[in-house]
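Owing to the predicted nature of the structure, the values given are computational and were not obtained by experimental measurement.
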Amino acid sequence: MEKEEIKKRLEEIAGKEWVRDDAATLFLYSRDMTENEPHAPDWVVMPENPGEIQAVMRLANETLTPVTPYVSGANVGGLTIPVKGGIILDLKRMNRILEINESDMYALVEPGVTFGHLRADLDRNHPKLIYTYPMAPPFTSVTCNALLDGLCNLSHPHGATSDWINSLEVVLPSGELARIGSAAISGRWVSRVPLPDLAGLFIGWQGLTGIVTKIAVQLCPKPAFLKRAFILPYSYSTAYEMMRELSWTRVLDDIAGLSWVAGKMMYGRHGPITRDPGEPGFILFVEYSANTRSELWSKTMILNNLLKDFERKGKTFEGPLDINAILRFFPEYAKLANFPTTLDFLLDYAESGGFSWVGSYGPTSNWTSPTEKGSAIMEKYGFPPLFNCRSMKGGHYGSLRFLIPFDKRDPEVTKKLRICLEEICDLLLDEGFIPYKAPNWAAKKIISRADPGWVNLLKTVKNALDPNGILNPGHWGF
Amino acid sequence: MMEFDDIRNWVVRCVRCGTCKYTNETYLPSCPAGERFRFEPFYASGKNFIARGIIEGALKFSDPGVVEAIYSCPTCGNCQSQCPLPHHEHLVDIYEAMRARAVEEGAGPLPAHKPLLASLRQYDNPWMQPRASKVRWAKELGIKDISKEKARVLYFVGCTAALDPTLRNIPTATATLLKSAGVDFGILGEAEICCASTTLRIGDRKLFKNLAERNIELLNRIKVETIVTSCAGCFKTLKHDYKSIGKIKPQILHSSEFIYRLFLGGKLKFKKEANQVVTYHDPCHLGRLGGVFDPPRRILRYLPGITFREMDRIRENAYCCGAGGGVRTAFPDWATDNVGTRIEEAEKTGARLLVSTCPFCAQNFMTGIEKKGSSLEYVDLVDLLNRLIRE
Ligand SMILES: Cc1cc2nc3c(=O)[nH]c(=O)nc-3n(C[C@H](O)[C@H](O)[C@H](O)COP(=O)(O)OP(=O)(O)OC[C@H]3O[C@@H](n4cnc5c(N)ncnc54)[C@H](O)[C@@H]3O)c2cc1C
Ligand code: SF4
Ligand code: SF4
């Protein structure tokens, strides 16, 4: 079918106003903040409901046109760059919070609903409930984050955001609509058990197997008291030992860390950043909550006692410093006091709109070695050793992410960045960590090391769901 | 005001984080253009990236969608209030510099803007009206003609307030208030030249420079101490945008600031109570881009019989009515729809009166209220005050 004919059909489906193929639009959707090569789509379509998405998918199958779903394009992995062109389905118009169920503690949302919107709705209308928030900018999609196994400020007790999914509604590549989880059986969006867990067909797949049109995510009761404190260990090994032991206390809601570099960036430093002698190497932050003051006090005691043990063992660190005390002297820390937040100091460090990373999940028993080696790689290529980490799901695994703001204007820097990211990715894989939200190049590395049975199964699933290979082609090695 | 070549180092700072799309912490829509068109080019990040694309040679002003995206924006500056990165304070400058370059390259402005510019060249006002019409509102009010008689204060009426008969109550109320407070003031009458806000917003820098230079010369020549404007656009242009062209010696105040001073000095005596619930809309060029938020609010809070209620989005976060930046001229339906959402926000406060301080916003609000059949009444602050000082 000719391009003009496809456009006409898309306009019939979504309405003329919601299909664009002008140069300015195609340019905007061809790139993101990362180093991944731009590639333009042929059309950008903004559907309003699942029915329109179904119709687009049928047309895409008929014409073998690639389709890439998109909400904010802030995944930091080039995942919405339509590497084979075709249709970008921008889902921003599907931004309704369909239900907040206070009794069953879930939110049923469309894919365009962002963390900011959910937070605002909960604060205004359901102040007894909270959700979990990433360090991503506020206007990124709750659905995308959950489908990408996001890590957030309540990941320590509850795991990646994919663990928060109760039920889904999804348009399959064929254009059929399916419900997953309890919603498929009872019409209630309360759980994924006790059923074959078909949600796994869509989680971690980067939009290659279906377009989620509704998602129910768990909410938590808002605690009466909340305390956020900072601890500044001098060495990475002390920091990680602390993080592991803190997770064993079973009383914390968040255990996360940032390298010392972040502290300097927060004060507006640009250009080369060095560590001053005697400066702590790590900013460890913990959050805990309680129903009563005495419960909060008990948790504070547990934290303080554990830190005293560390002192006795001769480990060096500063703190714990209460966030409110810190804010009095260092208002810059406000960026880490309340979520969602925009880490402007990080995003602007290179003063040119370029930002990338390799993020991963892996064993907390082996946090220190990849951190030290990864930091050295970054320094070797002239990037400040900026990383962050978080204890996940009670400490059963942890995240480790190396972040690189880079000068996007400079092709030499971009070249160096690519090599640096690849080296870090190889290192992480060697050390037992698996890259998440994997860009295409990283996905290829994962696949090259994967158990062949896993790879075959992956292909079988993809081919069964999307025999024409039209959904987000070019990603996950497909 | 920035030149296109000066924006290079700023546009590259945009990382497309999207934080500017909604208001910080309250997470309400901030960008009228984004709300209307939804596609990425229409948000602040889109315009930054288009500029970057042009600078890097990947896009041209003549490419489809480029001019449409850069002109589909009321230049309200709400993105400036939300963006946390250092280029935030230059966002509107960036859009205006892009428009200026588009005009230089013959790609801009939009066809609907051209008659405005022709009118400015011919009549020194954008409303296709002969200069003589500018004093019609003042007949029989006995106001000094400042070109003939000295006065301490110049009331710079502005083209919209002076020439739109439906807004005549704005200049008449302003003059009445100034008189009743015993202010020694005059007007320029036929000699008043458009402040040139329109030319700057839609990108005709040559015409802007011409009008600005003539205004600066005129406003310095008449030797007043203070210039008072009715229009938020005139206020911002004279006070802030002229700086790149020359210096206006007299201080420039918006009428709400000047009247607040009279009010504090006990120069205004109210004879009636309003007995109304009132809300206030910050015009973008007065509030966010002009830095004046409090005087109108303070006056409203102190007025006898008034219950003052704020809308959800106020001050730096105030949602634009959608008239500015050439939008009402080029996209009248969008401007009316957009003001509709602001009207709904005002209605939500339970107010009966929607007060603001800009004739250009007034036009848009009055159209929107009529279209929606809203029970709100739009009143300019001076009009409200004028009602209360009369027996
Ligand atoms: C500075 C910064 C910090 C960040 N910090 C964190 C963090 O702390 N934790 C974290 O988890 N993430 C973080 N992120 C990553 C990212 O912002 C989030 O994962 C985010 O939620 C992605 O949302 P998005 O709207 O940008 O998704 P997009 O980039 O638009 O889409 C992401 C992927 O989902 C696919 N997709 C889109 N819609 C659908 C759909 N309806 N169905 C199926 N697939 C779909 C897309 O094709 C793409 O593959 C950060 C990002 C930035 C820029
Ligand atoms: S203009 Fe500022 S807030 Fe908006 S996307 Fe760019 S950097 Fe983010
Ligand atoms: S000036 Fe206003 S309409 Fe234009 S991009 Fe900024 S917020 Fe949007």
Side-chain angles (χ1 to χ4, degrees), chain A residues 17-33 38 40 44-46 70-74 88 90 92-93 95 112 114-121 123-124 136-140 268 335 338 340-348 350-355 405 407-409, chain B residues 8-31 34-43 45-56 58-72 82-88 98 312:
Chain A
E17 189 183 350
W18 301 112
V19 179
R20 293 188 78 100
D21 62 352
D22 56 82
T25 303
L26 302 185
F27 178 76
L28 259 295
Y29 288 87
S30 68
R31 58 201 64 224
D32 65 8
M33 56 183 80
V44 183
V45 181
M46 264 199 191
Y70 175 106
V71 180
S72 307
I88 286 252
D90 183 335
K92 271 202 248 338
R93 284 173 75 212
N95 61 354
T114 68
F115 286 99
H117 293 111
L118 185 57
R119 167 84 200 247
D121 192 63
D123 285 356
R124 271 187 214 121
F139 304 110
T140 52
K335 290 281 162 193
N338 198 7
T341 182
T342 301
L343 302 179
D344 51 348
F345 59 90
L346 193 77
L347 293 168
D348 191 48
E351 300 178 299
S352 78
F355 182 69
D407 189 342
K408 233 183 159 174
R409 290 164 297 187
Chain B
R8 283 167 194 275
N9 290 332
W10 292 118
V11 294
V12 296
R13 304 293 275 271
C14 173
V15 74
R16 269 176 86 183
C17 64
T19 310
C20 52
K21 291 175 177 170
Y22 298 90
T23 56
N24 288 320
E25 280 153 31
T26 47
Y27 309 118
L28 295 165
S30 57
C31 174
E35 284 305 292
R36 166 69 186 80
F37 298 98
R38 307 312 283 266
F39 290 92
E40 293 290 336
F42 295 90
Y43 292 98
S45 45
K47 287 184 269 282
N48 275 291
F49 262 68
I50 290 174
R52 193 170 179 157
I54 290 169
I55 290 164
E56 290 171 1
L59 280 176
K60 297 187 295 297
F61 280 106
S62 54
D63 280 337
V66 169
V67 162
E68 182 192 356
I70 62 179
Y71 278 96
S72 300
Q82 316 308 332
C83 170
L85 268 60
H87 64 291
H88 74 100
M98 289 169 82
D312 288 339

### Summary
Looking only at D121(A), T341(A), V44(A), the option with the highest number of non-hydrogen pairs under 4.5 Å against chain B is V44(A)
### Query
For P340(A), is it the side chain, the backbone, both, or neither that has a heavy atom closer than 4.5 Å to a heavy atom of chain B?
both
### Query
Among all residues two or more places apart in sequence or in another chain, which pass the salt bridge (charged side-chain N to carboxylate O under 4.0 Å, His left out) test with R16(B)?
none
### Task
For the pair F39(B) and Y29(A), name the ring-plane relationship: parallel under 30°, tilted 30 to 60°, perpendicular over 60°.
perpendicular
## Note on the structure
In terms of heavy-atom pairs under 4.5 Å with chain B, the winner among L26(A), L347(A), D21(A), N338(A) is L347(A)
### Heavy-atom pairs under 4.5 Å with chain A, option from Y22(B), F37(B), F49(B) with the top count
Y22(B)
## Note on the structure
Output for pair (N95(A) CG, R38(B) CZ), nearest 0.5 Å, gives 5.5 Å
### Message
Regarding D123(A) and Y27(B), do their side chains bring together a donor and an acceptor under 3.5 Å, going by distance alone?
### Response
no
### Task
Please round to the nearest 0.5 Å and tell me the distance separating atom CZ of F61(B) and atom CD1 of I50(B).
9.5 Å
### Task
Please look at R124(A) and chain B and tell me whether the side chain, the backbone, both or neither of the residue comes under 4.5 angstrom of a heavy atom of that chain.
side chain
### Query
Taking NZ, NE, NH1 and NH2 as the nitrogens, is one of them in R36(B) or E17(A) under 4.0 Å from a carboxylate oxygen of the other?
yes
### Task
Heavy-atom distances under 4.5 Å only: say whether C17(B) touches chain A with side chain, backbone, both or neither.
both
## Note on the structure
If one checks every heavy atom of E25(B) against chain A at 4.5 Å, the contacting part turns out to be neither
### Query
Most heavy-atom pairs under 4.5 angstrom with chain A, which of T26(B), D63(B), N9(B)?
T26(B)
### Query
Roughly how far, to the nearest 0.5 Å, is OG of S72(A) from CZ of F139(A)?
9.5 Å
### Message
Taking every non-hydrogen pair under 4.5 Å, which of V11(B), V15(B), N48(B) racks up the most with chain A?
### Response
V15(B)
### Query
Checking F345(A) against chain B: side chain, backbone, both or neither under 4.5 Å from a heavy atom?
neither
#### Entry: W10(B): partners by ring pair (Phe, Tyr, Trp, His ring centres under 6.0 Å), with sequence neighbours left out
H90(B)
### Message
Please rank K408(A), K92(A), R20(A), M33(A) by heavy-atom pairs under 4.5 Å with chain B and give me the top one.
### Response
R20(A)
